[in-house]
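Take a look at this one; I'll ask things after.
Remember, predicted model here, so these are calculated numbers, not experimental data.
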Amino acid sequence: MDSSVAYDTEVPVKLSLIVGRAPDAPADLLPFAELASGFETTLWTGQANLGSAASMFAYAAGAGRSSAVGFSVALMGMRPASTAALEVTAHAQMSRQPVAFGVGPGSIEYQESWLGHRIRKPIQATRLYVEEFRAHTDRLRMQIESRGTHLPGIEIGVGVLRPAMAEMVGETADFAVTWLCPPKYLHDVVVPAMKRGAERLGRPTPRLVAVNPLYESGHGIPANVLVESPHLGMPHYLDMLRRAGLDVGDDRRRNAEVLAASTAVLDAESARLSSLLKAYRSAGVDELVLNTSGMQAYFGTAAACGAVRAVLEQHQEDFDE
């Protein structure tokens, strides 16, 4: 399923970036925040296990690097929907920037570790969380705007890998956010599922945000080393990759090699990058989030930000034309 990268439909897309590796100190976030602010795009962060993503975003805004921000994805068991709604609304109010808040139930291992049990019906639980979050943010918005203060947009989204969750997102959420999904899988599986859910309730199809690895070849470290991640040992990710036609199994190192050779991974220095970016646009992606966590781990923050900057400077037109 991963061999073709050309489709019929084209939609406008924006490029953004993610702090894929949690900063050891708040100042470590600033180079990424400066990129997002300078290019007027969204700064995303993954799950913050050792701190608060909202606090990191607030630090960046207070340091003068304010931009739209996104959470991808916050694990539901770490905070009630009411607490999350208050944090997100407060950040939008103080920063005067929009917030995209993505949530998900997390892996079974996470659920057992943090909650002490598995979530019996994860799709139903996620739907309920989305509804509660939206109800709380709507109430907070009314209170804030009744005092004459405009509140920027707040979106609630859901982490999606497989069609059942994508269909639920089509019914309830503002966006779906995916990790490691090849464009053909998004085109053939995720987008149609979201459309089915949306059409069933007569609502617009939510936007699609795709988070995918970006690296620069030529640094002496193979691509599979730079894209290796714990996700490649998790059953729900492996199931998605198999559905996408990738031959993955129990060997995480080999899985990284398979992933690195697929269209799920972007090489900033490849002559093929422009056509691959267009494939994401044509697959139905509304926002492509560049994840340089592998680059950062091996070469440092400056190299990671340099790779992102090169793509933002040279390839946004691939999405705009």
Open item on the list: For a quick test of reading the model, state the closest non-hydrogen atom pair linking Pro183 to Leu276 and the distance between them.
Closed with: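 Pro183 and Leu276 have their closest heavy atoms at CG-CD1, 4.3 Å.
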
TODO: Indicate the atoms forming the closest heavy-atom contact of Ala173 with Val130, along with that distance.
DONE: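 Of all heavy-atom pairs spanning Ala173 and Val130, the closest is CA-CG1, 4.4 Å.
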
TODO: Kindly give the heavy-atom pair with the smallest separation between Ala260 and Val265, and that separation in Å.
DONE: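 Result for this residue pair: CA-CG2, 4.0 Å.
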
Task: Same apolar cluster: Tyr59 and Phe57, side chain cutoff 4.5 Å - done: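 No, it is not one cluster - the side chains of Tyr59 and Phe57 are not joined through contacts under 4.5 Å.
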
Task: Salt-bridge present (Arg243, Asp239; N to O < 4.0 Å) - done: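 A salt bridge links Arg243 with Asp239.
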
TODO: Report yes if some heavy atom in the side chain of Leu17 is under 4.5 Å from a heavy atom in the side chain of Leu35; otherwise report no.
DONE: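 They are in contact (side-chain heavy atoms under 4.5 Å apart), so the answer is yes.
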
- [ ] Find the distance between OG1 (Thr292) and CG (Leu266) and round it off to the nearest 0.5 Å.
- [x]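 Reported value, rounded in 0.5 Å steps: 11.5 Å.
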
TODO: Output yes when Glu171 and Arg203 qualify as a salt bridge under the 4.0 Å nitrogen-oxygen rule, no when they do not.
DONE: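 A salt bridge is absent here (no side-chain N lies under 4.0 Å from a carboxylate O).
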
Task: Option passing side-chain contact (heavy atoms from CB on, under 4.5 Å) with Val19 (candidates Thr301, Leu43, Asn291) - done: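 When Thr301, Leu43, Asn291 are each tested with Val19, the side-chain contact (heavy atoms from CB on, under 4.5 Å) holds only for Leu43.
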
Open item on the list: Under a plain distance cut-off of 3.5 Å, with no hydrogens placed, do Tyr280 and Asn212 share a side-chain donor-acceptor pair?
Closed with: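 Checked: Asn212/Tyr280 side chains pair up, N/O donor to acceptor below 3.5 Å.
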
Task: Basic-acidic side-chain contact under 4.0 Å: Asp174, Arg134 - done: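 Arg134 and Asp174: salt-bridged.
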
Task: Test item: Glu112 and Arg118 side chains (from C-beta on) under 4.5 Å apart, heavy atoms - done: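 They are in side-chain contact.
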
Return all side-chain donor-acceptor pairs below 3.5 angstrom for residues 146-154, not counting sequence neighbours, or 'none' if the list is empty.
| from | atom 1 | to | atom 2 | distance (Å) |
| --- | --- | --- | --- | --- |
| Ser146 | OG | Met142 | O | 3.3 |
| Ser146 | OG | Gln143 | O | 2.7 |

- [ ] Evaluate the side-chain proximity of Arg79 to Glu87: yes if any heavy-atom separation is below 4.5 Å, no if none is.
- [x]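 Side chain of Glu87 against side chain of Arg79, heavy atoms only: contact under 4.5 Å found.
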
Task: His231 NE2 to Leu180 CG distance, which is reported to the nearest 0.5 Å - done: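 It comes to 6.5 Å.
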
Task: Minimal non-hydrogen separation, Phe71 against Ala54, with atom names - done: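 Closest pair (atom of Phe71, atom of Ala54, distance): CE2-N, 3.9 Å.
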
Task: Val99-Leu140 co-clustered via ILVMFWY side chain contacts under 4.5 Å - done: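 Hydrophobic grouping puts Val99 apart from Leu140.
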
Task: Short side-chain to backbone donor-acceptor contact, Ser95 and His91, under 3.5 Å - done: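 A pair under 3.5 Å: yes.
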
Task: Atom pair CE (Met295) and CG (Leu290), whose distance is rounded to the nearest 0.5 Å - done: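 Taking CE in Met295 and CG in Leu290, the distance rounds to 12.0 Å.
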
- [ ] Report yes if some heavy atom in the side chain of Thr41 is under 4.5 Å from a heavy atom in the side chain of Lys14; otherwise report no.
- [x]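 Sidechains of Lys14 and Thr41: in contact.
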
TODO: List the atom of Thr45, the atom of Ala53, and the distance in Å for their closest heavy-atom pair.
DONE: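 Thr45 and Ala53 have their closest heavy atoms at CG2-CB, 3.4 Å.
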
- [ ] Report yes if some heavy atom in the side chain of Tyr215 is under 4.5 Å from a heavy atom in the side chain of Ser217; otherwise report no.
- [x]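 Yes, at least one pair of side-chain atoms sits under 4.5 Å.
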
TODO: Could you tell me whether Asp247 and Arg254 make a salt bridge, using a distance below 4.0 angstrom between a side-chain N and a carboxylate O?
DONE: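 Yes.
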
Open item on the list: So does Arg272 get a backbone contact from the side chain of Ser275, meaning a donor-acceptor N/O pair under 3.5 Å?
Closed with: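 Between the backbone of Arg272 and the side chain of Ser275 there is a qualifying donor-acceptor contact (under 3.5 Å).
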
- [ ] Please report the shortest heavy-atom distance between Arg242 and Val248, naming the atom on each side.
- [x]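 Shortest heavy-atom contact: NE-O, 3.4 Å.
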
Task: Close side-chain approach of Val311 to Leu273, heavy-atom, < 4.5 Å - done: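 Sidechains of Leu273 and Val311: in contact.
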
- [ ] Could you tell me the separation between the CG atom of Leu241 and the NE2 atom of His236, rounded to the nearest 0.5 Å?
- [x]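 Rounded to the nearest 0.5 Å, the CG-NE2 separation comes to 11.0 Å.
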
TODO: Determine whether Val258 and Tyr237 fall in the same hydrophobic cluster, where Ile, Leu, Val, Met, Phe, Trp and Tyr are linked whenever their side-chain heavy atoms lie under 4.5 Å apart.
DONE: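 Same cluster: Val258 reaches Tyr237 through Ile, Leu, Val, Met, Phe, Trp or Tyr contacts under 4.5 Å.
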
TODO: Output the distance between atom OG1 (Thr263) and atom NZ (Lys184), rounded to the nearest 0.5 Å.
DONE: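 Between Thr263 OG1 and Lys184 NZ, I get 10.0 Å after rounding to 0.5 Å.
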
Open item on the list: salt bridge (Lys or Arg N to Asp or Glu O under 4.0 Å) for Glu167 and Arg200? Distances and angles first, verdict last.
Closed with: CA-CA 10 Å; Glu167 198 159 336; Arg200 186 155 51 243; 2.8 Å; yes

Task: Heavy-atom check, side chain of Val285 versus side chain of Arg281, under 4.5 Å - done: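 Val285 vs Arg281: side chains apart.
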
Open item on the list: Let's go through Asn255 and Asp250 carefully: what are the C-alpha distance in whole Å and the side-chain angles of both, what is the deciding distance for side chain to side chain contact (heavy atoms under 4.5 Å, CB included) to 0.1 Å, and is it a yes or a no?
Closed with: CA-CA 8 Å; Asn255 292 345; Asp250 297 331; over 6 Å; no

- [ ] Any chance you could measure Leu161, atom CG, to Met240, atom CE, to the nearest 0.5 Å?
- [x]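 Separation between the atoms: 5.0 Å.
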
Task: Parallel, tilted or perpendicular, as decided by the 30° and 60° cut-offs, for the rings of Phe133 and Phe101 - done: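 Rings of Phe101 and Phe133: parallel, as their planes differ by under 30°.
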
Open item on the list: Do Leu232 and Met234 sit in one hydrophobic cluster, given that two such residues count as connected whenever their side-chain heavy atoms are within less than 4.5 Å of each other, even indirectly?
Closed with: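 Yes: a chain of side-chain contacts under 4.5 Å links Leu232 to Met234.
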
- [ ] Apply the test side chain to side chain contact (heavy atoms under 4.5 Å, CB included) to residues Glu287 and Val289: give CA-CA distance (whole Å), side-chain angles for both, the deciding distance (0.1 Å), then the verdict.
- [x] CA-CA 6 Å; Glu287 181 175 352; Val289 185; 4.3 Å; yes

Open item on the list: Looking at Arg207 and Glu155, is any side-chain nitrogen of the basic one under 4.0 Å from a carboxylate oxygen of the acidic one?
Closed with: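 A salt bridge links Glu155 with Arg207.
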
Open item on the list: Between Glu228 and Arg253, is the salt bridge (Lys or Arg N to Asp or Glu O under 4.0 Å) condition met? List the steps.
Closed with: CA-CA 7 Å; Glu228 198 281 331; Arg253 180 177 297 180; over 6 Å; no

Open item on the list: Under the criterion side chain to side chain contact (heavy atoms under 4.5 Å, CB included), I'd like the reasoning laid out for Tyr185 against Val190: C-alpha separation, chi angles, the key distance, then a yes or no.
Closed with: CA-CA 7 Å; Tyr185 179 78; Val190 173; 3.7 Å; yes

Task: Note, Trp179 side chain near Ile18 side chain (heavy atom, < 4.5 Å) - done: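 Side-chain contact under 4.5 Å: yes.
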
- [ ] Count the heavy atoms belonging to other residues, nucleotides or ligands that lie under 6.0 Å from CD of Gln124, then report whether that count exceeds 12.
- [x]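 Atom CD in Gln124 is not crowded, with 12 or fewer foreign heavy atoms closer than 6.0 Å.
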
TODO: Take Ser262 and Leu259 through the test side chain to side chain contact (heavy atoms under 4.5 Å, CB included) and record every step on the way to the result.
DONE: CA-CA 5 Å; Ser262 77; Leu259 182 71; 3.9 Å; yes

Open item on the list: In this structure, would Leu208 and Ile123 fall into the same cluster of hydrophobic residues linked by side-chain contacts under 4.5 Å?
Closed with: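 Yes, it is one cluster - the side chains of Leu208 and Ile123 are joined through contacts under 4.5 Å.
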
Open item on the list: Strictly distance-based, threshold 3.5 Å: is any side-chain N or O of Ser37 a donor or acceptor partner for the main-chain N or O of Ala33?
Closed with: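 Flag not set: sc Ser37 to bb Ala33 has no pair under 3.5 Å.
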
Open item on the list: I'd like to know if Glu145 pairs up with Arg141 as an ion pair, taking the criterion as any Lys NZ or Arg NE/NH1/NH2 lying under 4.0 Å from an Asp or Glu carboxylate oxygen.
Closed with: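 Yes.
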
